[in-house]
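Notes follow the structure.
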Amino acid sequence: MKSVLAKILFGIGTILLICFFGGLVYLYYDYYKLSPYASTPLYVYNVIHGLIFLPPSILCYIIALILRSKIKTK
C-alpha cells in the first residue's frame, strides 16, 4: 500500500512541477505579448504562481521519498 501511495505522490509532484514551469511560460507570454501595458509587474504573478505550485510539489516529493525509503528498509 505504501509503495502505491509513494508512486501516486511522486506523480502528483511531477504534475504540479510541470504546471509550475508551463505556467511560467504562459505568464511570460501573456504578460509581454497579449497585454504589454499591465500595471502589475510580472514578478508578482511569478511569486503567486510559485507559492501555489512549488510548496505542494516539494511536499509531495519529500513524502514520497520518505515512504519509499521506509519501504526499502523493511
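Computed from a predicted structure; not experimentally measured.
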What pairs of donor and acceptor atoms, side-chain ones from residues 51-65 against any protein atom, are under 3.5 angstrom apart with sequence neighbours left out?
residue : atom : partner : partner atom : Å
S57     : OG   : F53     : O            : 3.3
S57     : OG   : L54     : O            : 2.9
Y61     : OH   : T14     : N            : 3.3
Y61     : OH   : T14     : OG1          : 3.1

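- V47 and F21 end up in different hydrophobic clusters when Ile, Leu, Val, Met, Phe, Trp and Tyr side chains are linked at under 4.5 Å.
- Partners of S39 according to the side-chain contact (heavy atoms from CB on, under 4.5 Å) rule, which considers only residues two or more places apart in sequence or in another chain, do not exist here.
- Summarising the geometry, atom NZ belonging to K70 is positioned 15.0 Å from atom OG belonging to S3; distances are rounded to the nearest 0.5 Å.
- For Y32, the ring-ring contact (aromatic ring centres under 6.0 Å, His included) test picks out Y28, with sequence neighbours left out.
- Considering CG of L27 and NE2 of H49, their distance stands at 6.0 Å, rounded to 0.5 Å.
- Under the 4.5 Å side-chain contact rule for hydrophobic residues, L17 and I8 share a cluster.
- Residues passing the side-chain contact (heavy atoms from CB on, under 4.5 Å) test with Y29 are K33, L34, sequence neighbours excluded.
- Applying the ring-ring contact (aromatic ring centres under 6.0 Å, His included) rule to Y26 yields no partners; only residues at least two apart in sequence or on another chain are considered.
- Shown here is Y31, whose OH atom has more than 12 heavy atoms of other residues, nucleotides or ligands within 6.0 Å.
- Both F20 and I48 belong to a common hydrophobic cluster when Ile, Leu, Val, Met, Phe, Trp and Tyr are linked at side-chain heavy-atom distances under 4.5 angstrom.
- Under the rule for a side-chain contact (heavy atoms from CB on, under 4.5 Å), V25 has no partner lying at least two apart in sequence or in another chain.
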